[in-house]
K.L.:
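Take this structure, written in structure tokens, and hold onto it; I'll ask about it next.
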Amino acid sequence: MYQYIIRRTLVFIPMLFALTVIVFTLALLAPGDAFTGKSLADPNVDPEVYERQREEAGLNDAIPVQYGRWISNVAQGDFGKSLVFNGRSVSELIEARLANTLYLGLFSLFITLVVSIPIGIYSAKHPYSLLDYGATGFGFLGLAIPNFFFGLIAIYVLAIQLDWFPAQGTLDEPGMTGIEALKSRLHHMVLPGITLGLAGTATYMRYMRSEVLDVLGSDYIRTARAKGMSDRNVLYKHTLRNALIPIITLMGFEIGMLLSGAVITEQVFNYPGLGTLFLSSVVNRDFPVVMAIAMLLGILILVGNLLADIFYSIIDPRIRYD
Amino acid sequence: MAEQPVLDIDKLKTYFYLDDEKVAKAVDDVSFSVYPGETVALVGESGSGKSVTALSIMQLINKPGRIVEGTIVMNGKELLQMKPKQMTKVRGNDIAMVFQEPMTALNPVFTIGNQITEMIRKHQKSSKNQAREKAIELLKTVGIPRAEDIMNEYPHQLSGGMRQRVMIAIAISCEPALLIADEPTTALDVTIQAQILDLMADMRDKYHMSLLLITHDLGVVSEYADRVMVMYGGQIVEEGPTKELLRTTNHPYTKGLLNSLPNIDKHVDRLETIKGTVPAAFNFPKGCRFSTRCPYVMDKCLESNPEITEVGPEHYVRCYLHENGGIPNDESR
């Protein structure tokens, strides 16, 4: 098992390397750089000034040279300085946003699981019941509605019309502390959390329903019933453990989905997370930040998959990595 | 057989309500009794209703199936009147069952020990340690080496024969009065089959159980069963003591089954078969259900289904031929 984890982690290295090449290439393929917009916006500044800044930032060097410089800095843990935010370091910028995005992601995952798994089980226990049909309808809707659109509706109805939840931000007032801050933070996360988790909730619900139905029809469930086990025991012990196996796999992917989905959702709710930073950095051609976030997302997705594999082997004894 | 039967089934009907209003009469008017300590074999082709009969006794029929009529009396208690919760105290405790597929019958994500002890703890209210000791003892009884180690292993680590032994250990753990074995050896190697059947016969004697053995193997029947019931189309077509039934077969279907067995004394190029297949359970012929395949079919057989009648000591048959002195002695068939 430990060997497996080490092996998997070693495989990360070439994958991350490939990722940096792809992201770097894509970034440079985009027309313009961080100074293009500025020179157009203010014609009074001598273009020579920007040209000098370009030279300083090394943007005029050959592409392989730029890449080599960047990757050797990254290998030493230095992601460089932002080209836009007056030279603040990239790590500092990301640090400030990462926690917000992780809170939102975990909160969203929590809502997703708490809603989808019980409904999925109920649907499987009572197929073709009213609630099952309702859940199916909700599932289609949840998968079909784009994130940003649902977010806008949620803001319009729940924030503006009913005024139940705040429409944006993370806190009521800056500088709040303790329980008050936590409450305010959770309150602010409800709408973006639901929006972000909508598609996932629909997916898990459908998976859970079909898995539980599948397992309930299996031979070992018949055996458990023939042994005189109660319905509760059969459902929560014998069925659930087996039905959760594919859900675990799904969750590994979901971690990546949550983070990439956050880019749009955070934008809609003006939530100060990695997503908004990523988007604004792309728009401003702030490549050091874009690269760093892309790397971070890549690592998180890989770690998510590794975690799924580990959980998988814990829950299913047939899977052993050695 | 003056004793009280362990299990007494009367006019059991289990129907499956399919789409487009078809009704599959998987078990249709089946009555029989099982007496203490005896082995009764339930024989028939696939689709003849053997397994559904067994599952009906356990009340493990799933939708769209339903027991529509009949009584199942176990040691004086009427099972079909019981509430689902009471029934969970009967299942496993009074009646236990061993299934056909040992490869899939055990839950893959729990240890063998867990799957045995949960049943002992449910029915016998024993402590964790007592249940564990009992489980190890049971595993030894059914001939599993390294019983202590096996307790902590998972089903996929065992062979098919071993898993079936575990299933038997589970089934006998609460010393049920009746053990139902639904084709327990069909999925196993021939060499293992005899071991498993011998083991079940031993357990039957050791724990004074009755055994309801579901099989399609008449060789198994002749060796292990005291009495035989032959099922066809959801009904019992012939019933009798094993020796008597095998010697003086009265139903053409039973005869067909016997003829399709290889005989060590006779050299044949091809084994006999019964032509055709079992009719679908929602589409039985109007008269005798075997009439579509019976080599001796008469006009009468197409009109009405014969009643089951006694033709010898404890020997019953559902066929009009017995009125004319049994199956004609016609070797060309």
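Below, chains carry the letters A, B, ... as their sequence lines are ordered, and counting in each starts from 1.
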K.L.:
Let me know if M167(B) has heavy atoms under 4.5 Å from chain A in its side chain, its backbone, both or neither.
P.N.:
side chain
K.L.:
Could you look at N107(B) and say if it's the side chain, the backbone, both or neither that has a heavy atom under 4.5 Å from chain A?
P.N.:
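Both backbone and side chain.
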K.L.:
Can you tell me which residue among Q115(B), K122(B), H123(B), R91(B) is in a side-chain contact (heavy atoms from CB on, under 4.5 Å) with K227(A)?
P.N.:
Q115(B)
K.L.:
Do you know which two heavy atoms are closest between M229(A) and E118(B), and how far apart they sit?
P.N.:
CE-O, 3.5 Å
K.L.:
Tell me if the OH atom of Y103(A) is crowded by more than 12 foreign heavy atoms within 6.0 Å.
P.N.:
no
K.L.:
Can you establish whether the number of heavy atoms outside K125(B) located under 6.0 Å from its atom NZ is more than 12?
P.N.:
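Count over threshold, so yes.
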K.L.:
Heavy-atom count around D19(B) CG within 6.0 Å, excluding the residue itself: above 12?
P.N.:
no
K.L.:
When only pairs under 4.5 Å are counted, which of I170(B), T88(B), V109(B) shares the most heavy-atom pairs with chain A?
P.N.:
V109(B)
K.L.:
Please determine if R241(A) forms a cation-pi arrangement with F110(B), meaning its NZ or CZ atom is less than 6.0 Å from the six-membered ring centre and no more than 45° off the ring axis.
P.N.:
yes
K.L.:
Return yes when atom OH of Y17(B) has more than 12 non-hydrogen atoms of other residues, nucleotides or ligands closer than 6.0 Å, and no otherwise.
P.N.:
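Count over threshold, so yes.
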K.L.:
Counting only heavy atoms not in F138(A) (residues, nucleotides, ligands), do more than 12 fall under 6.0 Å from its CZ?
P.N.:
yes
K.L.:
Around atom CG of D231(A), are there more than 12 heavy atoms from other residues, nucleotides or ligands closer than 6.0 Å?
P.N.:
no
K.L.:
Below 4.5 Å from any heavy atom of chain B, which atoms of I221(A) appear? Answer side chain, backbone, both or neither.
P.N.:
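For I221(A), there is no contact with chain B at all, as no heavy atom is under 4.5 Å.
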K.L.:
With a 4.5 Å cut-off on side-chain heavy atoms, are T104(B) and S218(A) touching?
P.N.:
no
K.L.:
Hey, does K237(A) have a side-chain heavy atom less than 4.5 Å from the side chain of N114(B)?
P.N.:
yes
K.L.:
Let me know if I180(B) has heavy atoms under 4.5 Å from chain A in its side chain, its backbone, both or neither.
P.N.:
neither
K.L.:
Counting neighbours of OH on Y207(B) that are heavy atoms of other residues, nucleotides or ligands and sit closer than 6.0 Å, is the number greater than 12?
P.N.:
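More than 12 within 6.0 Å, yes.
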K.L.:
Closest heavy-atom contact between P317(A) and H156(B)?
P.N.:
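Nearest pair, atom of P317(A) first, then H156(B): O-CE1, 3.4 Å.
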K.L.:
Enter the distance from S230(A):OG to K89(B):NZ here, rounded to the nearest 0.5 Å.
P.N.:
10.5 Å
K.L.:
Quick check: do R222(A) and N62(B) have side-chain heavy atoms less than 4.5 Å from each other?
P.N.:
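Not touching, per the 4.5 Å side-chain cut-off.
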K.L.:
Just by distance, do the side chain of T223(A) and the backbone of A105(B) share a donor-acceptor pair under 3.5 Å?
P.N.:
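Such a contact is found between T223(A) side chain and A105(B) backbone.
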K.L.:
Please report the interatomic distance CG(N233(A)) to CE(M119(B)), rounded to the nearest 0.5 Å.
P.N.:
12.5 Å
